[in-house]
Undergrad: 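One structure, pasted below without further comment.
Remember, it's 1-based here, ligands and their atoms both numbered in the order they're listed. No hydrogens, no waters, no symmetry mates; every other heavy atom, side chains included, goes into these values.
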Amino acid sequence: MSTMSSERDFNEIIMSLARKRGFIWGPSPEIYGGSSGFYDLGPLGKLLKNRLENQIRAAFVRANFWEVECPTVSPREVWQASGHLEGFIDPVTQCRKCGQVYRADNLISEKSPETNIAGQTADELTDTIIRIGLVCPSCGGELGPVQAYNLMLQTRLGLDQEAYLRPETATTTYLLFKRFLTFFRDKLPASVFQIGKAYRNEISPRQGMLRLREFTQTEGQIFLLEKDEIDWPQFHDIQNDKLPLVTNQAQQKGKFEPVMTTMSDAVKKGYFQKPAYAWCVHLAYMIFRQMGFSDERMRLRQHLPTERAHYAADAWDIEILTDSFGWVECCGVHDRGNYDLSRHQEFSKQNLSVKVEKEQVVPEVLEIAFGIERPLFCLIDNSFRSESKERDTDWLQFPPEVAPIQVAVFPLMGKPELLDPASEIFSDVMDAGFVAQYDVGGSIGKRYRRQDEVGTPFCVTIDYTTIEDGTVTVRDRDTMEQVRVRKDNLTKVLRDLVRGTIQFDSLK
Ligand SMILES: [Zn+2]
């Protein structure tokens, strides 16, 4: 991620708008000075997050995943088995003079980009710091030895049982594997997903909403056998879809521009070894499309072997292009092999294998994982439109399906003959399942402006013509144009507009 000053300024514009309009507050708790890495969602931020979660749920359920929910705290032995106690670490170094703590790898790459530190241990990083003469960026002091710093938040159960807040939801899902086998009547593949809080004790989180110590993670898991990974019938449904891919080979040639590639070509050319894994990458892509991201601002980037997590056999990320930070990693799709179930079988001494032709086999796992706060921030960033001649305010062009408020309803004036029909129409709109807001305060222009500021795609106004002929005006946020619609047809028209099955122009 680049840190050019203009980009930092844009992030400040987005964050101050998000604060002012009730999307994101913090760092939290604000009245006590705030701890970095923690944010509150205001009323509109929470509505936006709910809408994103709805899209995510719908996509997983449509793909035949079942939702589960697990505790956020687990005892030490779970994290020992999962590898997080040993492997979920950042290398850190502390200034001997001013006490400031830094991520050693980031500091080296920042100050000396030509130095290759891929795969270096803590001791090797210490040597590198001495060799290249790196000092504390804030005071010029000597940097101390690099130490492995575990990112898990520790807590205690009862008096003295060591426990940790989960750094990812996935591990807690794997612990249920025996139960899943019964639930799915011993049939694989089986797919489940979880949406819930996870925690990472980042050493000094910067970049606002992108580095959080507490966040909401979404992950989908497919348990399957090796033969299913190759023989995956659902792949045929998606093979002609084109995705914006950036392969490992392309990156090694210095090419980071996404190339629209059909899934069948991607498998033929060997970008994906396994159709089931390719299907997972496609599903993750579809989830991001349904959250409102466009192809122009998305790319799917394969991890270089040096970037992969301790459990990953292959990994692709979804990245979103922002005006605040450039490309931002938002989602990982991992081929976790049978690492997790094997480890939990070994440590729990429970049988987590299935019988395949008289042999006991530990199933493979494919995973889609992402925090919701990053796409939430990226969507605000991508939806920002600055003030123009036509509109005297900065506004937000959220895709209608995920806009925090989808429809606003106004009586033209606060007169009783208008208030009654207006509140009736407001009820109809709510009953039809929209997130709607009723507003009677101020001039109609001011009320439109307030809705533009929070990205409401459609406003419905009840005026004196409504009483005469039973029509209302529907105002389109993007064009600021209005049409009259019969009120008994209103909720159907709104539903078509929000889904995008009709265009506003066609109503004129
Ligand atoms: Zn210092």
Side-chain angles (χ1 to χ4, degrees), residues 1-16 19 24-39 84-155 164-165 167 199-215 306-307 309-310 322 324-329 371 373-374 377:
M1 273 174 259
S2 153
T3 50
M4 279 161 60
S5 65
S6 64
E7 288 171 352
R8 212 177 290 150
D9 292 347
F10 192 83
N11 177 46
E12 204 24 67
I13 291 171
I14 295 296
M15 285 308 283
S16 90
R19 263 183 218 112
I24 300 163
W25 292 323
S28 180
E30 280 185 316
I31 64 166
Y32 287 100
S35 296
S36 55
F38 292 96
Y39 283 88
H84 284 88
L85 263 187
E86 230 173 83
F88 197 58
I89 48 177
D90 276 346
V92 300
T93 176
Q94 187 171 24
C95 172
R96 290 185 194 274
K97 200 165 149 202
C98 74
Q100 180 75 37
V101 178
Y102 301 95
R103 277 273 302 264
D105 50 348
N106 289 354
L107 196 60
I108 294 169
S109 325
E110 222 173 90
K111 301 291 170 192
S112 172
E114 66 285 357
T115 306
N116 181 12
I117 50 165
Q120 287 199 349
T121 63
D123 288 345
E124 286 164 347
L125 288 171
T126 305
D127 293 343
T128 302
I129 286 176
I130 295 166
R131 184 167 53 78
I132 64 175
L134 199 60
V135 292
C136 171
S138 70
C139 81
E142 189 193 343
L143 293 167
V146 176
Q147 284 168 336
Y149 166 84
N150 197 292
L151 288 166
M152 284 194 295
L153 268 174
Q154 194 175 355
T155 185
Y164 294 86
L165 275 68
Y199 301 82
R200 291 181 184 182
N201 196 8
E202 301 277 355
I203 191 78
S204 53
R206 287 177 291 174
Q207 294 172 320
M209 289 293 283
L210 299 189
R211 286 251 175 255
L212 297 179
R213 284 171 164 156
E214 174 174 340
F215 57 100
T306 50
E307 285 180 280
H310 63 273
T322 64
S324 299
F325 298 109
W327 288 102
V328 171
E329 173 200 332
E373 289 80 1
R374 279 195 184 193
F377 171 82

Undergrad: When you check the side-chain N and O atoms of Gln120 and Thr128, is any donor under 3.5 Å from an acceptor?
TA: yes
Undergrad: Between Met152 and Leu165, is a side chain to side chain contact (heavy atoms under 4.5 Å, CB included) present by the stated rule, with each step listed?
TA: CA-CA 7 Å; Met152 284 194 295; Leu165 275 68; over 6 Å; no
Undergrad: Checking Tyr39 against Glu214 for the side chain to side chain contact (heavy atoms under 4.5 Å, CB included) test, could you report, in this order, the C-alpha distance in whole Å, the side-chain angles of both residues, the deciding distance, and whether it holds?
TA: CA-CA 8 Å; Tyr39 283 88; Glu214 174 174 340; over 6 Å; no
Undergrad: One pair to check against salt bridge (charged side-chain N to carboxylate O under 4.0 Å, His left out): Glu202 and Arg213. What are the steps and the verdict?
TA: CA-CA 6 Å; Glu202 301 277 355; Arg213 284 171 164 156; over 6 Å; no
Undergrad: Which residue pairs pass the side chain to side chain donor-acceptor pair (under 3.5 Å) test when at least one of the two sits in residues 25-37, sequence neighbours left out?
TA: Ser28-Asp40
Undergrad: How many protein N, O or S atoms are found at a distance of less than 2.8 Å from the Zn ion (ligand 1)?
TA: 4
Undergrad: Is there a side chain to side chain contact (heavy atoms under 4.5 Å, CB included) between Phe38 and Leu212 once you walk through the steps?
TA: CA-CA 6 Å; Phe38 292 96; Leu212 297 179; over 6 Å; no
